[in-house]
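Heads up: numbering here begins at 1 and tracks the sequence. Ligands are counted one by one from 1 in listed order, and the atoms in each one are counted from 1 as well. The model shown is predicted, which means the values in this text are computed figures rather than measured ones.
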Amino acid sequence: MKQEDPAQLWSVCLSELRGMMPAQTFATWFERTKGHDVTSDKFTIEVPNPFSGERMLKRFHDKISQVVTTQLGRQVSIDYHIFEGNTQIVPVLTDLPSYMPADDRQIAVEEETDNLYDNYTFENFVVGECNDFAHAASLAVVKSPGQQTFNPLVIYGGVGLGKTHLAQAIAHESKRLGTVDRIRYVTSEIFYSEFIESIQEKKTKEFAQTYRNVDLLIVDDIQFFCKGHKDRTQEEFFHTFDVLRQKGKQIVLTSDRIPKELSGLEERLVSRFEWGLLADMKLPDYETREAILLKKADKDGLSLSQDVIAYIADRVASNIRELEGAVLSLLAYASLSHCDITIEVAKRVLSNKIRRRQRSVGIEDIQKAVAGHYDVSVEDLVAKTRKKHVVAARQIAMFLCRDMTRASLKDIGVIFGKRDHTTVIHACQTVKKLLLNDEHLQEEFDRIKNSLS
Ligand code: ADP
Ligand code: MG
C-alpha cells in the first residue's frame with residue numbers, strides 16, 4: 001500500500017506499531033507524535049519534546065523504520081523533529097549512527113532486572129505523610145531520568161520502611177514505560193562481590209564496562225560499603241558514579257541513614273551523594289499504617305474489620321514489614337481454621353508479636369533513650385522542674401510511652417512524677433502537633449524510636 005499523505009501514512013504506521021509493544025509504552029511515547037512530511041527519500045515525524053525524540057531514536061527507531069518502509073514500499077530515512085506550528089525548532093534528530101556514542105553501540109549490556117520482586121511496584125506502594133516526598137521524587141526520576149537535580153536520588157531511612165520497595169518500583173516503572181533502556185538493580189553486596197570476583201578473574205575492565213554502560217543504576221543499601229575494608233570497592237564505585245553522572249545517566253541509591261552519617265564512607269562519595277536529591281522515609285503514621293494494612297489484606301483476599309485494623313495499626317508501629325507480618329499471620333490462621341478474624345482472634349493470633357514488642361520496649365527504656373538523646377537525666381524527666389528543654393523531653397517521652405507501650409494515660413502520669421492523666425493528654429497533643437510541622441523534631445523522634453525498636 002502506498003500512502004503519501006504524512007498524517008495518513010503515520011496513522012497507518014501507528015496502528016501497526018501499537019501491536020508491537022505494551023499499550024502503556026505505546027501511549028507514553030506515540031500518542032503525541034504526528035506524521036509531518038513525506039518526500040521521496042525522507043519521512044519527518046513530529047515529536048512533542050527533545051526527550052521524546054531521543055527515546056524514539058534510541059528505542060523505537062528500528063521498528064518505526066521497518067513499518068514505514070513496508071507501508072511506503074521504499075526505503076526512506078526518518079527524522080524526528082520538534083515543531084512550533086509549522087516552524088521546525090531545534091534539535092533536529094537524525095539517524096542513529098551519528099547520534100549515539102560509539103561505545104554505547106558496541107557493548108551489549110545485559111539488563112539486570114531479573115532480581116526484582118514483582119510486587120514492589122508503585123501500584124502496591126501506599127503513600128502517606130511518612131514517604132510522600134520519597135515517592136514523588138521516585139516518580140520524577142522515572143519520568144525524567146538523569147536530570148541533575150535528581151541525580152543521584154538517595155532514599156534513606158530505617159529498616160522495613162520501604163526503601164527497597166521504592167527503589168525497585170523505579171526499576172519496574174522505568175522498564176514498563178520505556179523511559180530508559182538498560183537498567184541495573186543491585187544491592188551493594190552484589191556490587192562488592194561482583195567486583196571482587198572480577199579482580200580474581202582479572203576482568204575488572206569488563207566489570208567497569210558493565211556498570212558504566214547502563215542508563216539507570218540502582219544500588220540498594222549502600223551502608224554496606226562502609227563495613228570492613230572496602231576501599232577498592234568504594235574507589236570503583238566512585239568512578240562508576242562519575243562516569244554515569246557525566247553521561248547524564250540516572251543513579252538511585254538507598255541507605256539506612258543520611259549519607260553524611262555513614263561513617264567509613266569516603267568523603268568524596270559523601271559529597272557526591274549530596275549533589276542530587278536526598279529523600280527520607282519516616283516511620284509510618286497511624287493513618288498510613290491503616291491504609292497499608294487494608295491494602296495488604298485486600299491483596300491477600302483477607303477481609304479485616306475496622307476494629308481489627310485499628311487494633312493492629314495501634315500496636316504495630318515500628319515498621320511496615322511488621323505490619324505485613326501481622327497480616328500474614330492472620331491470613332495463615334484464617335485459611336487453616338476457616339474462621340473469620342474477629343478482634344479476639346486477632347488478639348490471640350498476634351499475641352506473640354505484640355507481647356514481644358511490649359517486653360522489649362518498656363517505659364524505662366523510653367525514659368533512658370529520651371534522656372540520653374536530650375542530655376537530661378531520667379530524674380529530671382520525672383521531677384517537677386519546668387525548665388523548657390526538660391519539659392520538651394518529658395513530653396516526647398510521654399508521647400512515646402503512649403505510642404509504644406500499653407501503659408494507660410493514668411499509669412504514664414504516675415510514672416512521670418505523679419502527674420495527672422490530663423497532663424499526659426496535653427503532652428501527647430503538643431508533640432503530635434509539633435511533629436506535623438517540625439521536620440527536625442520528626443527526624444529526632446524517628447531516631448529515638450528506631451533506637452528503641
Ligand atoms: P527497607 O528496604 O526500607 O528495609 P522494604 O522496602 O524491604 O524496606 O519494605 C519492607 C516491606 O514493607 C516490604 O514487603 C514492602 O513491600 C512493604 N512496604 C514498605 N513500604 C510500603 C508502602 N508504603 N506500601 C506498601 N508496602 C510497603
Ligand atoms: Mg531494603
Does Asn124 offer a backbone N or O that forms a donor-acceptor pair with the side chain of Thr121 under 3.5 Å? yes
Between ligand 1 and Ile292, is the shortest N or O to N or O distance under 3.5 Å? no
Nearest non-hydrogen protein atom to atom 13 (C) of ligand 1, with distance, is Tyr120 OH, 3.4 Å
Ligand 1 atoms nearer than 4.0 angstrom to some heavy atom of Val159 are 4 (O)
Identity and distance of the protein heavy atom lying nearest atom 25 (C) of ligand 1: Asn124 O, 3.3 Å
Nearest-neighbour protein heavy atom for atom 4 (O) of ligand 1, which is reported as residue plus atom name and distance: Gly160 N, 2.7 Å
Charged N to carboxylate O under 4.0 angstrom, Asp280 versus Lys282? yes
For atom 6 (O) of ligand 1, find the nearest protein heavy atom and state the residue, atom name and distance (0.1 Å precision). His165 N, 2.8 Å
Any residue meeting ring-ring contact (aromatic ring centres under 6.0 Å, His included) with Phe273, in chain and number order, not counting sequence neighbours: Phe241
Aromatic plane relationship, Tyr211 with Phe191 - under 30° parallel, 30 to 60° tilted, over 60° perpendicular: perpendicular
Would you say Asp285 and Thr288 are linked by a side-chain donor-acceptor pair, where the criterion is simply a distance under 3.5 Å? yes
Under 3.5 Å side-chain donor-acceptor pair for Gln168 and Tyr185: yes
Side chains of Thr254 and Asp220: donor-acceptor distance under 3.5 Å anywhere? yes
Salt-bridge test for Arg184 and Glu194: reply yes if a basic N is under 4.0 Å from a carboxylate O, no otherwise. yes
Atom 27 (C) of ligand 1 has as its nearest protein heavy atom Ile320 CG2, 3.5 Å
Enumerate the atoms of ligand 1 whose separation from the nearest heavy atom of Phe125 is less than 4.0 angstrom. 20 (N), 21 (C), 22 (C), 23 (N), 24 (N)
For atom 7 (O) of ligand 1, the closest protein heavy atom turns out to be Arg321 NH2, 2.7 Å
Give the table of side-chain donor-acceptor pairs shorter than 3.5 Å for residues 255-266, with sequence neighbours excluded, one pair per line with atom names and distance.
{"residue": "Ser255", "atom": "OG", "partner": "Arg257", "partner atom": "N", "Å": "3.1"}
{"residue": "Ser255", "atom": "OG", "partner": "Arg257", "partner atom": "O", "Å": "2.5"}
{"residue": "Glu266", "atom": "OE1", "partner": "Arg268", "partner atom": "NE", "Å": "2.5"}
{"residue": "Glu266", "atom": "OE1", "partner": "Arg268", "partner atom": "NH2", "Å": "3.2"}

Atom 8 (O) of ligand 1 has as its nearest protein heavy atom Gly162 N, 3.0 Å
When only distance counts, is Val126 in polar contact with ligand 1, meaning an N/O pair under 3.5 Å? yes
Which donor-acceptor pairs under 3.5 Å do side chains of residues 299-307 form with protein atoms, sequence neighbours excluded?
{"residue": "Ser305", "atom": "OG", "partner": "Asp307", "partner atom": "OD1", "Å": "2.4"}
{"residue": "Gln306", "atom": "NE2", "partner": "Glu290", "partner atom": "OE2", "Å": "3.1"}

So, Arg272 and Glu267, do they make that salt bridge, N to O below 4.0 Å? no
Counting from 1 in the order shown, the ligand 1 atoms closer than 4.0 Å to a non-hydrogen atom of Asn131 are 23 (N)
Only heavy atoms of Lys296, strictly under 4.0 Å: list the atoms of ligand 1 that pass. 16 (O), 17 (C), 25 (C), 26 (N), 27 (C)
Assess the side chains of His165 and Tyr117: does a donor N or O sit below 3.5 Å from an acceptor N or O? no
Tyr374 side chain to Glu444 side chain, donor-acceptor N/O pair below 3.5 angstrom: yes
Give a yes/no verdict on whether any heavy atom in Lys295 is under 4.0 Å from an atom of ligand 1. no
Electrostatic pair Glu324:Arg321 at N-O distance under 4.0 angstrom: no
Need the ligand 1 atom indices (1-based, order shown) with element for anything under 4.0 Å from a heavy-atom of Gly158. 3 (O)
If you have a sec, work out which protein heavy atom is nearest atom 11 (C) of ligand 1 and how many Å separate them, to one decimal? Glu324 OE1, 3.5 Å
So how many protein N, O or S atoms does the Mg ion (ligand 2) have within less than 2.8 Å? 1
